[in-house]
Amino acid sequence: MTTMDLNTAPLKGQMDKLFFKKRLMNFGIPAVILAYLTYVFFAFDVPGLWQRASMDNARTLVSDTYSYKTHVTRDNRTGDVAYAVEGERKGEYPEGMSPEWVTPGTTTVIDLTGGHVVRFGLEAIEYDIPGYGLVSATPSRSQGVQTVLPEGDVPEWINLSKNRLAITTDAGRLTVTRNRAEVFRYFYGWELFFFTLDSPYHGLNPFELAGRAVSGEAGAIWNDFWNNKMWRHGDVAWAIGETILMAFLGTFGAGLVALPLAFLGTRNFMPVRVIRFAARRFFDFVRGVDSLIWTVVLARAFGPGPLTGALAILITDTGTFGKIFSEALENVDEKQIEGVSSTGAKPIQRYRFGVIPQITPVLLSQLLYFLESNTRSATIIGAITGGGIGLLLTQAIITQKDWEEVSYYIVLIIVMVMFMDWFSGWLRKRLISGDEGGH
């Protein structure tokens, strides 16, 4: 072996080791990721989740967010027929008024279009289904619902039992029980969003409304819209205000509490190590517990309400701001403080004119950023404490039928968050850099 071979042998060995490590890293990391994803796949029962998923329910849920149902309901005991949007009392048609696709009479005829016709007779309820035939159901208190179907197997879209008949087609749905027969039909849009059926302004086009407003009815038009019993615009606006107020009080209240406490957690302003340690651990404790947990605890202690939600945000953000402000205080320029001290200023004045101006940009930037973030948090907190738009959203979800209201509230929440994001950005530029332009 030559001298050159002896000199290059260690180098070659190191290169082989590096090559092996590189190959191991290239193979090992993907293998670990694949093993982890495989574990997640079975640990979270993804196959079972897919089996339990119902595409029909998903389609119904999505369609309910941008459409509404008009119900035609017959009381089988009295024979009375009522018409209501979403089947709610607030959306009932006034007496003597019915949808244009319903013909009242001794036999109420409901045209679901496309040849689908339902008839509420004195005794039997009939549904004429194109391509299938006539289905007849006779409700009876003693014998349940006696149903007559065309010959052949019962299709999947017909649910039949002794006491109930349910038929679901693309044209609509019919349900018959002993006491009630009900048909509903889908329509696109958010019906009664502006005016309810009992309002004299329902059904008017924008030009007609503008003419009425110019003629002196602007106040009455606004009152009917604002006090809409179906969509409750006044209550929704109040709830939006409560949500923003919760975020504002919690955020700026936390800033006011955290600023003086932050001095206790800094090395340059608090020489006593025990106090400094206690202050920092206090910040860790209050911010380590999520605001939702504080919400549950405070709601138990003080009862529900928007103020409880604001207090939960205040407690959590006090810890966060305390840490941020203390770090900013530790990085202040001592020369500015010395300059203020040379004028004979007292300790409070040194802090006021030598310290606060240096950390003001950090204070304002963080406060305004968290204000926008806490606006989103206040929505969820409001659902727990019983305040704000979060409460209305939760109530609409619980009903399992008012999904168009759910989508309405979600749109409002998105608009509210976007506005707060723009507003906080605009305010940051105005207060910190003096720029009067928008965000």
Side-chain angles (χ1 to χ4, degrees), residues 231-262 264-265 278-326 363-364 366-400 402 405-406 408-421 423-424 427:
W231 292 89
R232 302 185 298 168
H233 299 302
D235 294 339
V236 171
W238 180 266
I240 290 286
E242 277 189 346
T243 301
I244 295 175
L245 185 61
M246 271 194 287
F248 179 84
L249 291 177
T251 304
F252 286 91
L256 292 174
V257 174
L259 181 58
L261 294 178
L264 302 178
R280 288 182 175 272
R281 298 296 76 77
F282 171 75
F283 294 150
D284 291 340
F285 170 70
V286 293
R287 73 188 177 92
V289 180
D290 191 79
S291 57
L292 289 178
I293 305 300
W294 285 119
T295 301
V296 174
V297 173
L298 294 171
R300 180 77 173 180
F302 300 107
L307 194 59
T308 302
L311 190 57
I313 295 174
L314 185 151
I315 292 175
T316 303
D317 283 1
T318 294
T320 305
F321 288 150
K323 179 177 176 59
I324 294 173
F325 295 169
S326 62
L363 264 65
L364 291 177
Q366 293 299 324
L367 284 171
L368 293 174
Y369 171 76
F370 273 83
L371 175 62
E372 179 265 325
S373 177
N374 286 334
T375 303
R376 297 192 303 268
S377 300
T379 301
I380 306 302
I381 290 173
I384 300 175
T385 61
I389 192 68
L391 175 63
L392 297 182
L393 178 63
T394 305
Q395 290 175 340
I397 292 175
I398 289 175
T399 63
Q400 290 293 311
D402 297 329
E405 289 187 24
V406 172
Y408 173 47
Y409 298 147
I410 290 175
V411 168
L412 288 178
I413 290 169
I414 293 172
V415 171
M416 176 183 66
V417 171
M418 291 173 63
F419 169 77
M420 293 302 296
D421 178 45
F423 176 72
S424 62
L427 206 55

task: Give the minimum heavy-atom separation between Thr316 and Asp290, together with the two atoms involved.
output: OG1-C, 4.1 Å
- request: Please confirm whether the backbone N or O of Leu371 pairs with a side-chain atom of Thr375, one donor and one acceptor, at under 3.5 Å?
  value: yes
task: Look only at the side chain of Asn374 and the backbone of Phe370, and say whether a donor-acceptor pair between them is shorter than 3.5 Å.
output: yes
query: side chain to side chain contact (heavy atoms under 4.5 Å, CB included) between Val289 and Ile315: does it pass, once the steps are laid out?
result: CA-CA 9 Å; Val289 180; Ile315 292 175; over 6 Å; no
query: Do you know which two heavy atoms are closest between Ala312 and Ser291, and how far apart they sit?
result: CB-O, 3.8 Å
- line: Taken to the nearest 0.5 Å, the spacing of Ile313 CD1 from Thr295 OG1 works out to 7.5 Å
query: What distance separates Ile324 CD1 from Tyr369 OH, expressed to the nearest 0.5 Å?
result: 9.5 Å
task: Go through the steps to decide whether Phe321 and Leu259 satisfy the test side chain to side chain contact (heavy atoms under 4.5 Å, CB included), and finish with yes or no.
output: CA-CA 8 Å; Phe321 288 150; Leu259 181 58; over 6 Å; no
query: Is there a side chain to side chain contact (heavy atoms under 4.5 Å, CB included) between Tyr408 and Val236 once you walk through the steps?
result: CA-CA 10 Å; Tyr408 173 47; Val236 171; 4.3 Å; yes
field: Smallest separation among heavy atoms of Leu311 and Phe302, with atom names
entry: CD2-CE1, 4.1 Å
query: Do other residues, nucleotides or ligands put more than 12 heavy atoms under 6.0 Å from Phe252 CZ?
result: yes
query: Looking only at heavy atoms, which two atoms of Phe282 and Leu261 are closest? And how far apart?
result: CE2-CD1, 4.0 Å
message: Quick check on side chain to side chain contact (heavy atoms under 4.5 Å, CB included): which of Leu412, Ile410, Ile398 does Leu393 satisfy it with?
response: Ile410
Exam field: side chain Thr379 to backbone Gly390, donor-acceptor pair closer than 3.5 Å: no
- prompt: When you look at Asp284 and Arg287, which way does the side chain to side chain contact (heavy atoms under 4.5 Å, CB included) test go after all the steps?
  reply: CA-CA 5 Å; Asp284 291 340; Arg287 73 188 177 92; 3.2 Å; yes
- request: Heavy atoms only: give me the nearest Ile389-Thr243 pair and the separation to one decimal.
  value: N-OG1, 2.9 Å
query: Quick check: does any side chain N or O of Trp294 sit under 3.5 Å from a backbone N or O of Val286, one acting as donor and the other as acceptor?
result: yes
query: Which pair of non-hydrogen atoms, one from Gly265 and one from Ser326, has the smallest distance, and what is that distance?
result: O-CB, 4.2 Å
- prompt: Atom CD in Glu372, atom OG1 in Thr251: separation rounded to 0.5 Å?
  reply: 10.0 Å
- request: Answer whether the closest heavy-atom distance between the side chains of Leu307 and Met246 falls below 4.5 Å.
  value: no
message: To the closest 0.5 Å, what do you measure between CG (Asp421) and CZ (Arg376)?
response: 8.5 Å
Straight-line distance of Ile240 CD1 to Leu392 CG, nearest 0.5 Å: 8.5 Å
message: Suppose the criterion is salt bridge (charged side-chain N to carboxylate O under 4.0 Å, His left out): which pairs have a residue in residues 234-243, not counting sequence neighbours?
response: none
- request: Hey, could you give me the CE/OH distance between Met416 and Tyr409, rounded to the nearest 0.5 Å?
  value: 13.5 Å
